[in-house]
Amino acid sequence: MSGVELRLYTHPACLAHDTGEGHPERPARLAAVLDALAARFPDLIPHQAPRAERDALLRVHAPGLLASVLETQPDADLHWLDADTALSAGSAEAALRAAGAAVAATDWVLGGERRRAFCAVRPPGHHAEPATAMGFCLFDNIAVAAAHAFAAHELERIAIADFDVHHGNGTQAIFEREPRLLFVDSHQMPLYPGSGAAAETGVGNIANAPYPPLSNGADVRALWRDALLPRLDTFAPQLLLVSAGFDAHRDDPLAQGLLDAEDFAWITGELVEIAERHARGRIVSTLEGGYDLAALAASAVAHVGALRG
Ligand SMILES: [Zn+2]
């Protein structure tokens with residue numbers, strides 16, 4: 001594919017968000033992704049993410065959540081926001097850079113044609129609700145980017161596609177009354193966080209495609225081909241955003257999906273075609289889950305390769 005520009009956004013601060021001994025959402029995840037991308041795509045220069053501005057965060061999150069993430073000052077001990085979600089001394093900066101990566105990537109992608117960006121960041125975002133950090137997530141990075149795109153670029157239709165194995169409850173909660181945004185999400189059910197039934201449709205702008213444990217690549221591809229991709233095509237987004245979680249991989253310890261890296265590449269390739277048809281080829285993808293280091297690295301490489309086309 002000619003004329004495609006691909007950028008990688010990340011920041012070293014995202015490695016300094018410490019979640020404690022034995023936590024699956026650990027700095028080594030991001031290091032594995034960055035190392036694998038550097039080995040496979042040596043010309044892909046990392047762009048340093050700026051901090052998200054307070055106003056950008058406040059478009060989707062309550063002031064109280066900003067205060068608890070940004071003003072808590074953990075010292076040697078972690079500060080736990082819920083049973084899974086910790087703050088360390090480096091967490092506020094990591095959260096600002098993770099959301100800021102998605103915003104900066106969106107600004108760059110919308111400044112041209114056939115631009116794509118992958119944000120290799122942590123903490124992940126799609127479980128963070130308007131007023132509540134949860135499920136390893138502090139701010140909903142992709143939602144911050146979408147709200148920024150509406151406000152700063154005057155778009156009329158934005159879609160978010162989420163193929164993380166867990167339901168993106170935060171993204172859904174933020175946009176379930178926003179008809180300018182279509183959210184499509186495939187995920188295992190039952191599984192954390194428990195939401196994401198097909199009956200949850202927002203104002204007609206939410207499409208959930210749950211699948212049972214032990215679903216394989218063919219099963220999940222069929223959900224996208226038959227249910228979610230047609231919705232995206234009909235909606236005709238001017239910008240396509242992606243919550244790219246790779247924890248439906250067969251080696252992932254947190255769920256029971258049976259996908260392989262090639263399945264993530266296939267979904268990504270289909271999303272690229274949607275973007276080419278409707279969004280002048282413009283896609284911003286951010287890293288969500290993926291907890292087996294080798295599977296995560298291989299899947300992220302497959303995803304980025306498909307983004308490049
Ligand atoms: Zn996940």
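One is the number of the first residue; the rest follow in order along the sequence. Counting starts at 1 for both ligands and their atoms, in listed order.
- The distance from the Zn ion (ligand 1) to the nearest N/O/S atom of H126 is not under 2.8 Å.
- Shortest distance from the Zn ion (ligand 1) to H166 is reached at ND1 (N/O/S atoms only).
- Comment: R180 does not engage E156 in a salt bridge, judged by the lack of any side-chain N to carboxylate O separation of less than 4.0 angstrom.
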Requested in this report: List the steps, then state whether side-chain hydrogen bond (donor to acceptor under 3.5 Å, both in side chains) holds for H303 with S285.
Outcome: CA-CA 9 Å; H303 174 63; S285 172; 2.7 Å; yes

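- Residue pairs meeting the salt bridge (Lys or Arg N to Asp or Glu O under 4.0 Å) criterion with at least one member in residues 223-248, sequence neighbours excluded: D233-R277.
- The closest approach of D247 to the Zn ion (ligand 1), by N/O/S atoms, is made by OD2.
- At a cut-off of 3.5 Å, with distance as the only test, a side-chain donor of H167 or Q172 sits close to an acceptor on the other residue.
- Distance check for D164 against the Zn ion (ligand 1): an N/O/S atom falls below 2.8 Å.
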